[in-house]
**Q** 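Take a look at the following structure, please.
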Number of protein chains: 4
Amino acid sequence: MSPRTKEQLETIRKDRRQAIMDTALEEFASYGYESTSISMIAKKAGVSKGLMYNYFESKEALLKTIMSEGIDEIFAFIDPNHDGVITKEEFIYLIDEIFALMKEKSSFYKLYFALIMQPAVSKLFIEKINEVFAPMIKMFVDYYEKKGSKNPFAEAILIGALFDGIGFNYLFNEDQYPLDEVIKLVKERFV
Amino acid sequence: MSPRTKEQLETIRKDRRQAIMDTALEEFASYGYESTSISMIAKKAGVSKGLMYNYFESKEALLKTIMSEGIDEIFAFIDPNHDGVITKEEFIYLIDEIFALMKEKSSFYKLYFALIMQPAVSKLFIEKINEVFAPMIKMFVDYYEKKGSKNPFAEAILIGALFDGIGFNYLFNEDQYPLDEVIKLVKERFV
Amino acid sequence: MSPRTKEQLETIRKDRRQAIMDTALEEFASYGYESTSISMIAKKAGVSKGLMYNYFESKEALLKTIMSEGIDEIFAFIDPNHDGVITKEEFIYLIDEIFALMKEKSSFYKLYFALIMQPAVSKLFIEKINEVFAPMIKMFVDYYEKKGSKNPFAEAILIGALFDGIGFNYLFNEDQYPLDEVIKLVKERFV
Amino acid sequence: MSPRTKEQLETIRKDRRQAIMDTALEEFASYGYESTSISMIAKKAGVSKGLMYNYFESKEALLKTIMSEGIDEIFAFIDPNHDGVITKEEFIYLIDEIFALMKEKSSFYKLYFALIMQPAVSKLFIEKINEVFAPMIKMFVDYYEKKGSKNPFAEAILIGALFDGIGFNYLFNEDQYPLDEVIKLVKERFV
DNA sequence: GATGAATGAGAATTCATTCAT
DNA sequence: CATGAATGAATTCTCATTCAT
């Protein structure tokens with residue numbers, strides 16, 4: 001065997017890193033961060049325990065990375081089109097996007113909702129989270145302002161809460177939740 | 001000297017039990033169930049580790065009891081007046097009640113929201129939870145039906161999600177959240 | 001109520017002491033000394049945990065007393081008739097007595113056999129045990145000597161081992177063991 | 001540097017496992033299963049407490065493994081030659097073998113005798129034990145039948161009890177017990 | 001890079017014993 | 001005398017992390 005090129009090694013590293021993160025996210029979401037052991041993740045990801053520490057310096061670092069990159073992804077997914085201003089059509093599109101994302105990244109959102117309630121944990125991410133959600137709320141405020149709402153701020157906060165609440169309920173009971181009907185109603189009532 | 005009377009023992013047990021449960025709830029809510037040790041609770045409650053097991057047969061049993069009694073309290077708090085049917089005034093009153101309860105029992109709700117996202121944990125309570133929330137949803141469905149909504153079921157699910165979402169956001173940031181404004185808006189838009 | 005007389009109190013004390021010992025013996029025999037808790041015994045004997053310590057100063061003291069009085073009982077049961085010498089008829093009678101005793105005091109013998117194998121425990125009783133068994137062996141030696149055996153000592157040791165072995169096997173499987181047949185054979189072959 | 005080869009790991013694991021089992025057997029035999037702590041075994045075996053659980057999933061599993069492999073050894077030691085039928089010479093040889101084994105594996109037999117008396121424990125091994133002893137008893141029955149005994153079954157049970165009894169007494173007092181003389185007598189009287 | 005044996009701190013739990021009442 | 005609440009030391013077991021190979 002000839003030695004692998006630098007690029008190949010780099011690719012292997014990246015893939016493996018992602019595999020570990022994906023596995024860890026699944027496990028964290030299913031069993032909780034504390035109840036998931038490094039051993040479990042290593043076994044399921046097909047790497048040795050020792051190697052885990054080659055990729056992440058600690059269990060907490062692994063969690064932080066998962067959360068951080070997850071939040072970045074959300075940001076990247078939501079932001080692109082509308083840098084601050086949003087039309088009615090874009091709003092409708094955004095709603096679909098948000099819930100499509102929740103469906104696709106359900107493990108991430110489960111973990112997110114579970115962690116966010118613990119002050120001791122959430123302080124690790126709070127800054128990053130605000131970076132994502134503050135602009136979003138601002139965008140909603142602008143939208144409702146333009147629309148002539150009496151209290152655009154409360155309206156924006158309300159729709160934010162609604163997204164969280166629907167997501168929360170949906171993730172608690174993915175199979176049975178009438179997500180489409182509810183989304184339809186949200187559009188009618190809030191756009 | 002004679003042993004304590006049954007009443008004395010009863011009182012001691014009840015008080016201690018409640019003190020342990022209160023402390024445990026605070027700690028569970030702050031640090032998470034897994035990250036809170038029996039030692040921490042014992043120390044904070046001013047009892048020995050061993051005594052904890054005189055009152056609760058395990059850490060899990062302690063959690064279950066806290067959740068179970070908490071859910072009962074919610075039920076008792078919400079249910080009394082409206083056994084299935086609800087008027088407009090009662091609906092408004094109910095909304096105030098729900099959020100007053102969240103404010104008062106914020107630790108309980110934090111714990112509740114954190115646990116509910118973990119399938120491995122939530123299955124311990126799911127039945128009890130449904131006992132409380134199914135009738136509530138039904139009540140909302142009836143309300144919106146009577147009001148002539150196009151899709152009363154979706155409407156009921158939506159308001160349920162909204163309560164959760166508002167609660168969730170409020171508990172994440174108790175000090176800053178504009179709860180009153182949001183509640184006011186909910187009443188305008190959903191009653 | 002008039003206060004009980006000294007004699008009545010004495011009787012109560014004695015009865016209760018015996019009840020505790022009987023219960024403890026059953027539990028020790030069933031679950032082992034270590035695996036039996038003071039709480040279990042107290043509950044089963046119908047007394048409070050605290051009171052146990054009014055009768056026995058420790059769990060170990062309770063065990064020692066049970067063993068000591070049990071060994072005394074064996075001694076009293078076996079010895080009376082034959083203080084040193086034994087006839088053929090008496091030997092046959094003794095065999096019946098020994099196994100009748102094992103049947104009646106099966107819990108005691110189970111505990112005895114279990115404890116005796118642990119040097120750390122058996123040293124607590126070894127002296128007392130020897131007090132009982134040395135004379136018995138001596139009696140057998142005399143018997144076989146008189147009978148003209150080639151090696152009366154080995155013969156005595158052998159019959160001693162046989163009693164233990166039969167008892168051991170019988171207690172392991174009380175319901176199925178063909179004790180009577182085996183006893184009959186012992187008499188034919190060893191008297 | 002490259003990781004250890006499979007063979008190296010295999011060897012390490014086998015050796016450590018055996019060392020732990022040997023140490024545990026000594027300690028269990030001396031102090032009893034319950035009174036021997038994992039810490040004691042670990043310290044004496046020169047490994048950490050944690051490592052014990054890398055090799056045996058629980059204290060009970062360790063005990064079970066020791067007993068199971070011990071019983072297998074007895075079986076392997078006793079069985080080979082005589083697959084069911086046994087001559088006079090073989091019987092004599094078997095007796096020597098049995099007691100040689102008891103001498104060599106005295107810790108195992110002590111533990112065996114101690115555990116067997118506790119229903120709660122013995123049920124863990126009873127099946128395996130019967131697998132070993134039932135054929136042995138059958139072999140004795142056949143032997144005494146061929147020899148023309150009146151009651152070959154009782155005779156077989158008796159010799160079984162005798163082996164247990166002699167072993168029991170010998171192990172209780174290894175240094176002083178006149179094992180050789182007793183064995184000689186057994187051969188004279190029972191072969 | 002890769003492995004998994006090894007560690008050790010800390011967790012939940014048990015239980016003999018004490019002691020205020 | 002009698003009770004059972006209370007203690008604390010000891011036990012089993014887990015697991016993130018390290019490290020020799």
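Residue numbers start from 1 in every chain, and the chains themselves are labelled A, B, ... in the order their sequence lines are given, proteins ahead of strands. It should be emphasised that the depicted structure is a prediction, and the values quoted were computed from it without experimental measurement. Side chains are part of it too, since the values below use all heavy atoms of this structure and drop only hydrogens, waters and symmetry mates.
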**Q** By nearest heavy atom, map A:K59 and B:L9 onto DNA chain F; which one lands nearer the 5' end?
**A**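 Closer to the 5' end of DNA chain F: B:L9.
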**Q** OP1 or OP2 of E:dA6 less than 4.0 angstrom from a side-chain nitrogen or oxygen of D:R16, does that happen here?
**A**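 It does, given that an N or O in the side chain of D:R16 lies less than 4.0 Å from OP1 or OP2 of E:dA6.
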**Q** How many whole angstroms separate atom CD of B:E10 from atom P of F:dG4?
**A**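 After rounding, the reported distance stands at 12 Å.
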**Q** For B:D15 and F:dA5, what is the distance between atoms CG and P respectively, to the nearest whole Å?
**A**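 Those two atoms, CG and P, are 13 Å apart.
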**Q** Test the D:R16-D:Y55 pair against the cation-pi criterion, namely NZ or CZ under 6.0 angstrom from the six-membered ring centroid and within 45° of the ring axis.
**A**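 Checked: cation-pi criterion not met.
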**Q** Which class fits the ring pair D:Y112 and D:Y109: parallel under 30°, tilted 30 to 60°, perpendicular over 60°?
**A**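 The rings of D:Y112 and D:Y109 stand perpendicular, inter-plane angle above 60°.
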**Q** Under 4.0 angstrom, heavy atoms only, what part of the nucleic acid is D:S58 near: base, sugar-phosphate, or nothing?
**A**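 D:S58: backbone/sugar contact only, no base atoms under 4.0 Å.
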**Q** Measure the distance from CZ on B:R13 to P on F:dT3 and round it to the nearest whole Å.
**A**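 Nearest whole value for this atom pair: 16 Å.
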**Q** Is the Lys NZ or Arg CZ of A:K64 less than 6.0 Å from the centre of A:F56's six-membered ring, within 45° of the axis?
**A**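 Not satisfied by the 6.0 Å and 45° rule.
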**Q** Using modelled atom types and a 3.5 Å cut-off, is there a donor and acceptor pairing between side-chain atoms of D:Y33 and backbone atoms of D:E60?
**A**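 Indeed, once roles are kept as given, a pair shorter than 3.5 Å links the two residues.
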**Q** Where the side chain of D:I12 is concerned, which of F:dT17, F:dA5, E:dA5 is the nearest nucleotide?
**A**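 Of F:dT17, F:dA5, E:dA5, E:dA5 is nearest to the side chain of D:I12.
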**Q** So what is the 5' to 3' dot-bracket string for DNA chain E, if pairs are Watson-Crick or G-U wobble with both distances under 3.5 Å, crossing pairs use [ ] and | means the partner sits on another strand?
**A** .||||||||||||||||||||
**Q** Rounded to the nearest 0.5 Å, how far apart are CZ of B:F108 and CD1 of B:I66?
**A**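 CD1 of B:I66 is found 9.5 Å from CZ of B:F108.
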**Q** What nucleotide, of E:dA5, F:dC13, F:dA5, holds the atom closest to the side chain of B:Y55?
**A**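 Nearest to the side-chain atoms of B:Y55, counting from C-beta on, is F:dA5.
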**Q** Got a second to check how far D:E26's CD is from D:T36's OG1, nearest 0.5 Å?
**A**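 One finds 11.0 Å between CD of D:E26 and OG1 of D:T36.
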**Q** Within the 4.0 Å heavy-atom criterion, would you say B:R17 contacts the bases, only the backbone, or no part of the nucleic acid?
**A**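 It contacts nothing in the nucleic acid.
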**Q** Evaluate A:R13 against A:N54 for side-chain hydrogen bond (donor to acceptor under 3.5 Å, both in side chains), listing each step before the verdict.
**A** CA-CA 10 Å; A:R13 242 194 110 72; A:N54 199 312; 3.3 Å; yes
**Q** Round to a whole Å and report the spacing from CD of B:Q8 to P of F:dA5.
**A**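 Distance check: B:Q8 CD to F:dA5 P gives 12 Å.
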**Q** Give a yes or no on whether the backbone of C:L115 and the side-chain of C:Q118 come within a donor-acceptor separation of less than 3.5 Å.
**A**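 Side chain of C:Q118 to backbone of C:L115: no pair is present.
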**Q** Which whole-number value in Å describes the distance from B:K14 NZ to F:dA5 P?
**A**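 To the nearest whole Å, that distance equals 15 Å.
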**Q** When the distance from CZ of B:F56 to C1' of F:dA6 is rounded to whole Å, what number comes out?
**A**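 Distance check: B:F56 CZ to F:dA6 C1' gives 16 Å.
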**Q** Specify the residue among B:E60 and A:N54 whose closest nucleotide of DNA chain E lies further upstream toward the 5′ end.
**A**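 The 5'-side residue here is A:N54.
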**Q** Which ones in residues 31-51 of chain D lie close to DNA chain F, meaning a heavy atom under 4.0 Å from one of its atoms?
**A**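 Hits under 4.0 Å, by residue number: D:T36, D:S37, D:I38, D:K49, D:G50.
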**Q** Could you tell me how far apart A:Y53 (OH) and E:dA2 (P) are, to the nearest whole angstrom?
**A**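 One finds 17 Å between P of E:dA2 and OH of A:Y53, rounded.
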